[in-house]
Asks: 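Could you have a look at this structure, given as structure tokens, before my questions?
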Amino acid sequence: MLFMKSLRWLIGSVEFTAEGGFPERFISLMGSCRIPAQSLHPTSLGLRATVRPGLYHKLRPIAKKSGMRMRICGRRGLPFLVYRYNRRTGLLVGVILLSIMLMVMQ
């Protein structure tokens, strides 16, 4: 279980909600296009699921065919963390220097 959680964090995941339309058709079209969804839960207005970041854009035409509106609820994982701190190289240099100093002081 810990291995799967760490692997999902390294790859990243996008949590979304799909509302309106026909949720059954949406799920069957996802299956026919071989798009795996983790933690697929029904809600009062539609459904909530988690997919890999690259697969979220492939879901847009499927949602349009089934008449559903998709919204992102959350982005988790290393790719989104790296993107957030992409331009802050000083932070990375500081962490590296801190770890080098800790190793030398031991």
Asks: Of all heavy-atom pairs between P23 and L47, which one has the smallest distance, and what is that distance?
Replies: CB-CD2, 3.7 Å
Asks: Flag the pair R8 / R76 as yes when at least one side-chain heavy-atom distance between them is below 4.5 Å, and no otherwise.
Replies: no
Asks: Considering only Ile, Leu, Val, Met, Phe, Trp and Tyr, and joining two whenever side-chain heavy atoms are under 4.5 Å apart, list the other residues clustered with L97.
Replies: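 Joined to L97, directly or through intermediates: V93.
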Asks: Got a sec: does the CZ of F80 have more than 12 other heavy atoms crowding it under 6.0 Å?
Replies: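 Yes, CZ of F80 has more than 12 neighbouring heavy atoms, counting only those of other groups under 6.0 Å.
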Asks: Taking all heavy atoms of F16 and all of T50, pick out the closest pair and write down the distance.
Replies: CE2-N, 4.5 Å
Asks: Kindly compute the distance separating CE (M30) from CZ (R34), expressed to the nearest 0.5 Å.
Replies: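 Going from the CE atom of M30 to the CZ atom of R34 covers 14.0 Å.
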Asks: Side chains of T43 and T17: does their closest heavy-atom pair fall under 4.5 Å?
Replies: no
Asks: I'd like to know if the side chain of R25 and the backbone of K65 have a donor-acceptor N/O pair within less than 3.5 Å.
Replies: yes
Asks: Which atoms form the tightest heavy-atom contact between P79 and W9, and what is the distance?
Replies: CD-O, 4.1 Å
Asks: Quick one: CD on E15 to CZ on R71, what's the gap to the nearest 0.5 Å?
Replies: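 Here the rounded value is 15.0 Å.
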Asks: Is any side-chain heavy atom of I35 closer than 4.5 Å to one of Y56?
Replies: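 Heavy-atom side-chain distance check fails, nothing below 4.5 Å.
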Asks: Determine whether C73 and V14 make a side-chain contact, defined as any pair of heavy atoms from C-beta on separated by less than 4.5 Å.
Replies: no
Asks: Determine the minimum heavy-atom distance between A18 and M68, stating which atoms define it.
Replies: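 Between these two residues, the closest heavy atoms are O-CE, 3.3 Å.
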Asks: Flag the pair M70 / L59 as yes when at least one side-chain heavy-atom distance between them is below 4.5 Å, and no otherwise.
Replies: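 The answer is yes; the side chains approach within 4.5 Å.
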Asks: For residues R52 and S13, determine if any side-chain heavy atom of one lies less than 4.5 Å from a side-chain heavy atom of the other.
Replies: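 No, side chains not in contact.
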